[in-house]
Structures are given as structure tokens and as C-alpha cells.
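Residue numbers begin at 1 in each chain, while the letters A, B, ... track the order of the sequences.
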2 protein chains.
Amino acid sequence: MAITSSVAQTPIARKISTNAVIRTVLAQGPISRADIAKFTGLSKQTISDVVRDLETDGWLKPVGKTDGRPGRTAITYELNASAGLAISIDLGGTKIAAAIGDLLGNIIAETKVPTDARGGIHLVDQFQAVVNDLTEMAGVEMAKVRMVVLGTPGVLDPATGHIHVAPNIAGIEDIDLRQLLTDRLGIPAIIENDVNLAAEGERWKGHGVDVGNFAFIALGTGTGMGIIANGSLLRGGRGAAGEISYLPIGGDPFDPGGFHLGTFESAVGSVAMARRYVGFGGQEGASVADLFVAFEKGDHSAIAAVEETARLTALAIAAVGATLDPQLVIMGGSIGARPELVAAIRRYLPRCTPYPTRIEISRFGNRAALIGGMGIAVAHMHEELFGVDLGEA
Amino acid sequence: MAITSSVAQTPIARKISTNAVIRTVLAQGPISRADIAKFTGLSKQTISDVVRDLETDGWLKPVGKTDGRPGRTAITYELNASAGLAISIDLGGTKIAAAIGDLLGNIIAETKVPTDARGGIHLVDQFQAVVNDLTEMAGVEMAKVRMVVLGTPGVLDPATGHIHVAPNIAGIEDIDLRQLLTDRLGIPAIIENDVNLAAEGERWKGHGVDVGNFAFIALGTGTGMGIIANGSLLRGGRGAAGEISYLPIGGDPFDPGGFHLGTFESAVGSVAMARRYVGFGGQEGASVADLFVAFEKGDHSAIAAVEETARLTALAIAAVGATLDPQLVIMGGSIGARPELVAAIRRYLPRCTPYPTRIEISRFGNRAALIGGMGIAVAHMHEELFGVDLGEA
DNA sequence: TTCTATTTGTCCACTGCCTTGACAAATTAA
DNA sequence: TTAATTTGTCAAGGCAGTGGACAAATAGAA
């Protein structure tokens, strides 16, 4: 394990300079070379050289001129957004959503198809087809796509990328989906848990912007949490960080045989919520959707069911608060993003913890994972294209 | 915010090279210049230059010669451990422990004094005296001490370093202890929560070596947890990460007025444990120490008290596991490190969570925070002396 | 003991990257 | 039209790193 690679002469200094220029342009929008020099502290000469190289390689492009100030007009440069493309795919139990975006993360095209129920290798075929559709819709060549991020349910092993538990989707636990996707598309692929991606999405462009510590809690058919701590995603030892299904809340965790499903998920998942509604007097066979309709009409059974779910969720947030101390909890998922539920949680939380966490509803609804995947893909693309690699550091 | 500082000509390349050399020497022990060159990938010439500079500045020193291999003998170099010193201070409610260590983190001298009950500014006087004692004991000059780390109970604001809640120690919530210490000693000071330091200590030289995700749980008068996640300390938004006192476990978190003390701490702290023992039939007025003596003799009340504490702690570990997914939980503190208790926790944990975490007892006992402080101090010293600063990166 | 293979470490020439200062070019304000 | 100001290029110089040549030093073999 060599610490510095240093194949050629002294590429490191130029790489650092290039990286500084790119980051400055990325952060400061259209900017002149003179301003880049002031901002980075590098000399005008160096900046001119670097910008020239970047322009001939197609990464930067001149976009305009300054005016209004005294002195010679300056040519302003911007990142050539179309120089690199990335794809985000959100694999769900019923549908596959996908988007293609440019170097700045602007989404150019988006599509959605039903998930192939046969699962397994057939999904890879679907991904291929979806990617083809996207490049066609966007009118771009596949060669410029440099990164694909796939969000899936389930626990992913951080080391191998192996998907451990994915109840909704058939036959993906035994195949190396990341490798298959990489091979099929010929570009680097990343797999990440969908709730983790939702958290990344909120960090990128949602409520989590500039928040270094927050959690995204998804309540729906199942329960999950994505954690951003110290400004980066927390995966845990086996990739199971945020698997709040197993929180010892909402039932007796020592109940033999019961805890394997997850004490918390057994208490607040959609099945439990519907059953609770029925138990409180709701219509036999009612779904969670029915419950919220009834809630709207002021149905007492529905209100009681929501209240109880909110109470348990508040306890879970209290537990998360005592462990992670997030500045913010973002609620998502088909149930978790319901304003009625969140309002109730906001009422319960200060009653069970002295330092209640701020709670927001996800900004992106069911597109959060897709957005987050794009954020990750763009970040990795930047790293791959412009990143400075000191070996380890 | 300039991205590269670049005061002089091109200091960055030489800094990177120097850093690579130092890290290689640090990791590979006594090593020749030729081997450093092979290891880093840099040329022999560069290594010779860098080593010469480092030697004249006193950071490296030749320690021997190679032999046994064919070819010319090589001079091997080692880090000059005494070139830089660091101090770790552990501020406790009853005593102040402190140690001085060298560039490699070897502890040279250690001391302990009772905490000045007047607290506040008097503590700074004590710190000063303790530091003087240490340098005298170690026979070193204060000028070579480059970093001091202070561990304290309480929640520290990550941004300001302000100590929020420190029940055991008088008058330190209103003063800027870090600034006072820095000014008094004339060297950079860092303040960190003592349980966090204990976790860092285990990571540095204890059970947490090479474990990227683990938690150190301290049970004693109070309860606390230090978290290492993704290989680094997790502080949370307000520095309150790991404040498991507030876990909604071991009582009714909605009990009005009760939760301010912390539901979990109220259930497993030493006061609660002694009261539980008495409640189960133990001697009126018995302490936790008495409890464990009785436990040793097979006293049923004591056994029941330990069992209940273990059961609740297992639940807390289950909650932490569902949130952080640590590979390991290390138990510490006067109660938490008791083997009897840990044995019971190990029995309970698999009964309340499907993926029980491995549990170990702290390797350093009540010196864990002191050791951890030394680890942090040494790491910061290395960073300050040899670190490569790309501005942000 | 002598020779050979091998390894260490230095010397030297060369290249790449960055900086500084000078200066031409272009624009606003007076 | 002129002065002030800013942009961007040119040219010279320095630092850092590389690679090849080579002297020095040693183990092992003849």
C-alpha cells in the first residue's frame, strides 16, 4: 500500500490546483480567472494555465463578460454541465424510478416503470432499458454517463455491497447487483439503501442542507432511518445503522419469537397501524389509506390509531435523540410524511424528552431517494473527475 | 475562505512528501531511507532530502544499521519521540488525573491530585500545578509540550467548547475553560467529554483498535456513551450524542417531571441501583459497593438488583444497536465494568434483539479517559506538526 | 583472500509547476 | 481625451521531484 502513487513527475501540485479551480467555479457560479485567482490564492498565471487545460478538455466553458466595473472586462467561466452525466435509479417493490442528470446535478430526464415481479437478473435488464430510455429522452450519448447509483430496500454490507434483507424484491439477495450493473452499463455503479439515499437527498437539496447531524425516518410498509452524522452518512458495522425496526419500543422486546420482526416495526408499520385502527373500532379490513380518510372526517378510531402511532414514534425519536443528538429529524414514507401524524408527533415529543428535536416533513416526498441517488452520483463523479487522491491521508 | 493558503513558493508538495515520510516511519518503525522510498513511491533523492531536513529539525534520528541482508548496510531512522510532548488531564468530581507522553504516545509520567472543591478558576490553577509536576517528574522542558487535552464530565458544545451540564464540578459552566487553559499554559488546549475520551482510548490502544464502529458505555454515578462511527468520534448537533441518560427505557418517559433527570439514568444509575437493592430486601442505606459484596455471597436481593440493571442495559444496547449498528460495545464505569453485570447483560441481549452486539469490558478501567486524551493529544500534535493542510478538502 | 552480486545513498542534469514583476489590452469615470 | 483600474499574457527564476550514473559498503561464493 503505497502512500503516494506519483506515476508521472509531479502531478499532485497541478491536481490540487485544478481541484481548487473546479471547486471555486462550482461554488461561485460564473467567475472570471482573476477572481478565481483571488479566491484560491493562486497566481493569475497558474489559473490561466489550469483554465486553459480545463477548457480544451471540455470541463469549463466561457459564458459571458463582466461589465459595470471599471477596468478591462473579464471573461467569466462556468462548469460545462453537459460534460459529464450521472444516473440515479430507485428500485422499489412496485416501481423503478430513474433520472439522468448533468455535472451540476440538474435532472434532465426522468422515467418510471413497474418493477419486474420476477426480480433477480430481470431487474438488471430493466435497468439497462431504463438507462437507454433516459439517454434517448435527454438526447445524450451513453459515453458521457460516468456514474450510476442504485437505491434499494434492504441492508447492504458496506464491505461487499451484498444485499442482506430485501423482503419486497425477489431474488436480489443472491446476486452481486453492483457488479452486474457495472458490467452491463460499463460504468461504475454504487448501491445504497433507499432510506440512506433519501437522507442524502435531503442533505443535498432539502431540509438537511448545512445540517451536519440529522436523521431521515421513513414510516410506511416498513420502517427505516438514514443517518447523517458529522456531515456524512452513517452505515454502521454491518450496514444496519438506522434499522429502527428493531428498536425495543412499542412492545415487549423480550417476547420470545416476536422480536425477530422488529419490535418497533411490529408496532408502527402499516399492518400494525391498520390493525390498531380496526381494533379501536375501525371498519374491518380497512387499509391505512382508509384510516387517513376516516381521520379527515374526525373518526375517533382513526384519530386514536394515529395518536398511538405518533406516541410510539415520538419515543423512537427520543431514543434516537439520546443516541445521535441530531439537529433535525426529517419524516418521510407513505405514513411518516403525513402532516396529521407529524403534528401529533410534535405534540408528544416534548412530553417524553427534555431536549426535543426539530421535526420536518421530507421536501421530496417519494422522490427523496431518487434525488439523493443523483446527489451521490454527482458527488462521486466530481471526485472521480477532479478529486485529489493522496493515497490514503 | 481561501482554498489553498500557499504563502511561500510551493510548500504543498514538500509538505505532502514530508507527511508521507513521517507516516511511513511512524507505521513501519525503524526503517532505512531506501525502504521509505520503496514504500512511499518517492525517489531516493527526495527521501534523502526530506529525512535530512527532518533530522536537522530534530524530528527523526538514526537509530541503527541493517545487517543480515546482502548489500551495503543502511542507516535506519526512527521518530525522535522526545521531540514533542503532550499532556492529558482527566478532570473528575473527586480527583484530577494527568499524564505526560511523548510523540509516540508513550506515557512518561503520571500523577493524581484531589479535585479542588471550590471548582471554577481554582481548577485552572490545579491544572497548571499538575502540568508543572509532570514536566518535572519527566525531566523535560515545558517548551516541548505542544498540546493538552482535558477530559471533563458534561456536555460540550462542539462549536464553542462551552460546558453545558457538569453536575459534579462546581463553577465550570460559566467560564471558558479551554481558553483559560490555552492562555495559562501557552499551548493549544482541547476539551472533550470524558466518556468520549474513553471511547477514543479504546480505539487507540484498546478493544476498539481497527473497529470503525463501536460504542463505549459508562455506567456509574451517571450514565454516558461515547460513539465511534465511521472511524471517528460522533458528537451530534449539540455535543449531546451518546447522552443515553435520556433513553426512554426503564421507566415511563411520559411521566411528567420525571424525564428531566433522564429516564434511563433514573433506572440504572448508582442511586437507582442501590435503591432497587434495598427495595428487593437489601440492607437499608446500602451502597452499590455493598451490593456487589452481597452479590459475591449469593445474596438474592443483590442478584435481583444486578439482573434488573442488566436487563435494562441490554435494552439500551439493543436500542443503540438498532440505531448505530456498532460492531462492539465496550462497558466501562464503576458499575458498567463489573464482570458480574456484563455477564448478565450478555445473557439478556440475545433475548431482546435478533442481532446481538459483541460486548467487552473496558481494557483501561478508570484510566480510559486519560489514555484517550493522550491519544487525541498525540494525534493533534502529529496533525499540527506534520499535517497536510489543503485548506478544506 | 578475492571477486561478484546486491544494496545504499549521493551527484547531476532535466522537467514541471508556481510565483513575481513587467506590460499590453480593454474598459469606466472624469 | 486622459487617468485610473482591472484583466490577462510574457518572461525569468526558484523549488521540488525524477531518473540515471556512480561510488561506497556489505554478504556470500570461489
Side-chain angles (χ1 to χ4, degrees), chain A residues 2-21 24-25 28 30-56 60 62-77 388 390-391, chain B residues 2-21 24-25 28 30-56 60 62-77 388 390-391:
Chain A
I3 288 184
T4 54
S5 46
S6 63
V7 182
Q9 300 278 22
T10 317
I12 192 72
R14 180 44 71 96
K15 266 206 160 183
I16 292 172
S17 300
T18 306
N19 181 271
V21 169
T24 304
V25 174
Q28 308 295 316
I31 184 172
S32 72
R33 278 169 292 180
D35 284 344
I36 299 174
K38 284 174 200 151
F39 201 85
T40 58
L42 295 165
S43 69
K44 288 189 295 178
Q45 181 61 34
T46 300
I47 301 300
S48 279
D49 288 350
V50 171
V51 167
R52 182 175 310 115
D53 289 351
L54 285 171
E55 189 179 351
T56 57
L60 290 185
V63 289
K65 290 177 182 295
T66 56
D67 62 341
R69 289 188 295 181
R72 177 175 165 179
T73 52
I75 302 170
T76 55
Y77 287 82
V388 178
L390 293 183
Chain B
I3 287 185
T4 55
S5 46
S6 64
V7 180
Q9 300 280 22
T10 317
I12 192 73
R14 181 42 73 94
K15 266 206 161 183
I16 291 172
S17 300
T18 305
N19 182 271
V21 169
T24 305
V25 174
Q28 309 294 315
I31 185 171
S32 72
R33 278 169 291 179
D35 283 345
I36 299 175
K38 283 173 199 151
F39 200 86
T40 58
L42 295 165
S43 70
K44 289 191 292 180
Q45 182 61 34
T46 301
I47 301 300
S48 279
D49 289 351
V50 170
V51 167
R52 182 175 309 115
D53 289 351
L54 285 170
E55 190 180 349
T56 56
L60 289 185
V63 288
K65 290 178 182 295
T66 56
D67 61 343
R69 288 189 296 182
R72 177 175 166 180
T73 51
I75 302 170
T76 54
Y77 287 82
V388 178
L390 294 183

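Within the 4.0 Å cut-off from OP1 or OP2 of C:dC18, at least one side-chain nitrogen or oxygen of A:Ser17 is found. Between B:Thr73 and D:dT26, a side-chain N or O to OP1/OP2 separation shorter than 4.0 Å is present. In terms of phosphate contacts, A:Lys38 brings a side-chain nitrogen or oxygen within less than 4.0 Å of OP1 or OP2 of D:dT7. OP1 and OP2 of D:dT6 both lie 4.0 Å or more from every side-chain N or O belonging to A:Thr66.
Rounded to whole Å, atom C1' of D:dT9 lies 10 Å from atom CG of A:Asp49. Atom-to-atom, CD of B:Glu55 to C1' of C:dG9 comes out at 14 Å; the value is rounded to the nearest Å. For B:Asp53 and D:dA16, the CG to P distance is 8 Å, given to the nearest whole Å. One can place NZ of A:Lys65 at 15 Å from P of C:dA25, the figure rounded to the nearest angstrom. Taking atom NZ of residue B:Lys15 and atom P of nucleotide C:dC17, one finds them 22 Å apart after rounding to whole Å.
Residues satisfying the salt bridge (Lys or Arg N to Asp or Glu O under 4.0 Å) test with A:Asp49, not counting sequence neighbours, are A:Arg52. Residues passing the side chain to side chain donor-acceptor pair (under 3.5 Å) test with A:Thr66, sequence neighbours excluded: none.
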What nitrogen or oxygen pairs link the protein and nucleotides 10-14 of chain C at under 3.5 Å?
unit_1	atom_1	unit_2	atom_2	d
C:dT10	OP1	B:Arg33	NH1	3.4
C:dT10	OP2	B:Arg33	NH1	3.4
C:dT10	OP2	B:Ser48	OG	2.7
C:dC11	N4	B:Gln45	OE1	3.1

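Mapped onto DNA chain C by nearest heavy atom, A:Pro70 and B:Tyr77 fall at different nucleotides, with B:Tyr77 at the one closer to the 5' end.
Across all strands shown, B:Ile47 has no heavy atoms under 4.0 Å from either base or sugar-phosphate atoms.
A donor-acceptor pair is defined here as one N or O able to donate and one able to accept, closer than 3.5 Å; such a pair exists between the side chain of A:Thr76 and the backbone of A:Gly64.
Distance from the side chain of B:Arg14 is smallest for D:dA16 among the nucleotides D:dA16, C:dT8, D:dT18. For A:Ser43, whose side chain is taken as the heavy atoms from C-beta onward, the closest listed nucleotide among C:dT20, D:dA16, D:dT7 is C:dT20.
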